[in-house]
Amino acid sequence: MQFTKPAAVAAAGAVLALGLTACNNNSGSSSGGGGGDIKIGLSVSTLNNPYFVQLRQGAEAEAKKEGVKITTTDAQNDASQQVNQVQNFASQSMKAIIINPVDSAAAAPAVKAADRSKIPVIAADRGVDGATVTQTVASDNVAGGKLAAQELGKALGGKGKVAVLQGTAGTSAANDRQKGFVEGIKAFPGIQVVAQQPADFDRTKGLDVMTNIVQAHSDITGVFAANDEMALGAIKALGAKAGKQIKVVGFDGTPDGLKAIQAGTLTADVAQQPVLLGQMAVQAAVKAAKGDKIDATVAVPVKVATKDNVAQFTNGS
């Protein structure tokens, strides 16, 4: 679901004003071994995406290891619902909150509310605009965007026409990956970006957007999709041309994305480490809950997966 920033912020503010205390759409909770007195709330933007499922798994596994309790909720890509969830976490005496924002700007009121309650907030995978969090743990998305441009440029021999499937407007991940790709593709003056359109990090939308782009630009030779879900949708739209006449580069390194590399339909994938990211977010939350000082930002490295090295990723190394 896509939000304009003013509408999302207004909706978020309205929910805060209501001061709701009942948490909706709780996807479940995981109790840490040892039952420590530290409780952490995790609000994930959507669990209808394999990447964020992995992030949650990493977070819950780390919470068990640390002996703390974690409650995970699914915002279902609804910025207002997410503000409600974070507000509820604050009322439930959570010692720390981890937020994976639906919308980086719309998350600000929730973060400010937690701050007023003296609860540290860790932003995971996406930053928060307009409010200060204790730490942002995220992949280096700008660097990843540049790597994607480099891989696509090499695959095309430095020339051709490409299309870009952008992520959800208003998210720092979408903005940073786009920024990195734009900077990186400048190294290939023979490549022209002829179309770029949001597909909201969604596979079905990726298919639809790619179908429309191909109809308007039948001569494209390359595609950069800002996450694997959109890349897989694009691959389906391209059919037999995917990976052959039209090179496709994705971003995430999800199991399905890596399978597409093995199949030859995805040329390269900028692989994130969502399990590690979830683990690091919980580690930061525990430290913050204890009053320890932590760095304001932590960048989780990204790596490029290709057919030559994909076995390293599928083997979990």
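Worth saying up front: this structure is predicted, and the values here are computed from it rather than measured.
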Treat each ILVMFWY residue as a node, draw an edge where side-chain heavy atoms are under 4.5 Å apart, and state whether Ile119 and Ile99 are in one component. yes
Taking Asp202 for its side chain and Thr204 for its backbone only, find out whether a donor-acceptor pair lies under 3.5 Å. yes
Co-membership, hydrophobic cluster, residues Leu238 and Phe251, 4.5 Å side-chain: no
Tell me yes or no: between the side chains of Gln54 and Thr254, is some donor less than 3.5 Å from an acceptor? no
Asn175 CG to Ser104 OG distance, which is reported to the nearest 0.5 Å: 7.0 Å
Does any non-hydrogen side-chain atom of Val162 lie less than 4.5 Å from one of Gln192? no
With rounding to the nearest 0.5 angstrom, report the NZ to CD1 distance, Lys241 to Ile220. 8.5 Å
Is the closest side-chain heavy-atom distance between Val304 and Thr306 below 4.5 Å? yes
Taking only residues two or more places apart in sequence, or in another chain, which ones meet Phe181 in a ring-ring contact (aromatic ring centres under 6.0 Å, His included)? Phe224
Residue pairs fulfilling side-chain hydrogen bond (donor to acceptor under 3.5 Å, both in side chains) with at least one residue in residues 215-227, sequence neighbours excluded: Lys161-Asp219
Is the shortest heavy-atom distance from the side chain of Val121 to the side chain of Asp115 under 4.5 Å? no
Under a 3.5 Å cutoff, is there a donor and acceptor pairing between the side chains of Asn88 and Asn84? yes
Looking at Asn48, I'd like to know if its CG atom is crowded, meaning that more than 12 non-hydrogen atoms belonging to other residues, nucleotides or ligands lie closer than 6.0 Å. no
Check the pair Val44, Leu47 against side chain to side chain contact (heavy atoms under 4.5 Å, CB included), reporting the backbone distance first and the verdict last. CA-CA 7 Å; Val44 183; Leu47 289 173; 3.9 Å; yes
Met230 and Gln166: CA distance, side-chain angles, deciding distance, side chain to side chain contact (heavy atoms under 4.5 Å, CB included) verdict: CA-CA 8 Å; Met230 294 189 297; Gln166 302 166 318; 5.8 Å; no
Applying ring pair (Phe, Tyr, Trp, His ring centres under 6.0 Å) as the test, list every pair that has at least one member in residues 43-74; sequence neighbours left out. none
Ile38 side, atom CD1; Ile70 side, atom CD1 - distance, nearest 0.5 Å: 12.0 Å
The single option from Gln81, Gln82, Gln85 that satisfies side-chain hydrogen bond (donor to acceptor under 3.5 Å, both in side chains) with Thr73 is Gln85
Applying side chain to side chain contact (heavy atoms under 4.5 Å, CB included) to Thr46 and Asp78, what does each step give before you reach the verdict? CA-CA 9 Å; Thr46 175; Asp78 185 325; over 6 Å; no
Please find the pair of heavy atoms, one from Ala173 and one from Arg126, that lie closest to each other, and give the distance. CB-CG, 4.1 Å
Applying the 4.5 Å side-chain criterion to the ILVMFWY set and letting contacts propagate, would Leu232 and Val249 be lumped into a single cluster? no
Could you go step by step and tell me if Met210 and Ile213 meet the side chain to side chain contact (heavy atoms under 4.5 Å, CB included) rule? CA-CA 5 Å; Met210 192 74 256; Ile213 289 176; 3.8 Å; yes
Shortest non-hydrogen contact from Ala138 toward Asp125: CB-O, 3.6 Å
Measure the shortest side-chain to side-chain distance between Gln57 and Pro274 over non-hydrogen atoms and say whether it is less than 4.5 angstrom. no
Exam field: side chain Glu66 to backbone Ala61, donor-acceptor pair closer than 3.5 Å: no
Validation row: Ile122, Val133 side chains within 4.5 angstrom (heavy atoms): no
What's the separation between atom CD1 in Ile40 and atom OG1 in Thr71, rounded to the nearest 0.5 Å? 9.5 Å
With side chains defined as the heavy atoms from C-beta onward, is the minimum distance between Gln135 and Val298 less than 4.5 Å? yes
SB check Arg203 Asp256 (cutoff 4.0 Å): yes
Taking all atoms of both residues into account, what is the closest heavy-atom pair of Gly250 and Asp269, and its distance? C-OD1, 3.1 Å
I'd like to know if the side chain of Thr265 reaches the main chain of Ala260, judged simply by a donor and an acceptor atom lying under 3.5 Å from each other, with no hydrogens or angles considered. yes
Looking at every non-hydrogen atom in both residues, tell me the closest pair between Ala288 and Ile294 and how far apart they are. CB-CD1, 4.2 Å
Which of Met280, Gln279, Lys303 passes side-chain contact (heavy atoms from CB on, under 4.5 Å) with Gln273? Answer is Lys303
Ignoring hydrogens and geometry, is there a side-chain-to-backbone donor-acceptor pair from Lys290 to Val286 under 3.5 Å? no
Nearest 0.5 Å, what's the NZ-CG distance between Lys259 and Leu266? 14.0 Å
Per the ring pair (Phe, Tyr, Trp, His ring centres under 6.0 Å) rule, what does the pair list look like for residues 100-136, sequence neighbours excluded? none
Side-chain donor-acceptor distances from residues 141-152 under 3.5 Å, at least two apart:
{"from": "Asn141", "atom 1": "OD1", "to": "Arg177", "atom 2": "NE", "distance (Å)": "2.8"}
{"from": "Asn141", "atom 1": "OD1", "to": "Arg177", "atom 2": "NH2", "distance (Å)": "3.2"}
{"from": "Asn141", "atom 1": "ND2", "to": "Ser139", "atom 2": "O", "distance (Å)": "3.4"}
{"from": "Lys146", "atom 1": "NZ", "to": "Glu183", "atom 2": "OE1", "distance (Å)": "3.3"}
{"from": "Glu151", "atom 1": "OE2", "to": "Lys154", "atom 2": "NZ", "distance (Å)": "3.3"}

Same cluster or not: Val302 versus Leu277, using hydrophobic residues (I, L, V, M, F, W, Y) connected whenever any side-chain heavy atoms lie under 4.5 Å apart? no
Could you check whether any side-chain heavy atom of Phe201 comes within less than 4.5 Å of a side-chain heavy atom of Thr171, counting everything from C-beta outward? yes
Which other residues end up in the same hydrophobic cluster as Val275, if Ile, Leu, Val, Met, Phe, Trp and Tyr are linked when side-chain heavy atoms come under 4.5 Å apart? none
Closest heavy-atom pair, Ala107 versus Pro101, reported as atoms and distance to 0.1 Å, is CB-CB, 4.1 Å
Give me the atom names and distance for the closest heavy-atom approach of Ala59 to Val282. O-CG2, 3.3 Å
Between atom CD1 of Ile97 and atom CD of Gln92, what is the distance when rounded to the nearest 0.5 Å? 9.0 Å
Is there a donor-acceptor pair under 3.5 Å between the side chain of Asp103 and the backbone N or O of Ala105? yes
Shared ILVMFWY cluster between Val248 and Val270, side chains joined below 4.5 angstrom? no
Please tell me whether Gln178 and Gln196 have a donor and an acceptor in their side chains that are separated by less than 3.5 angstrom. yes
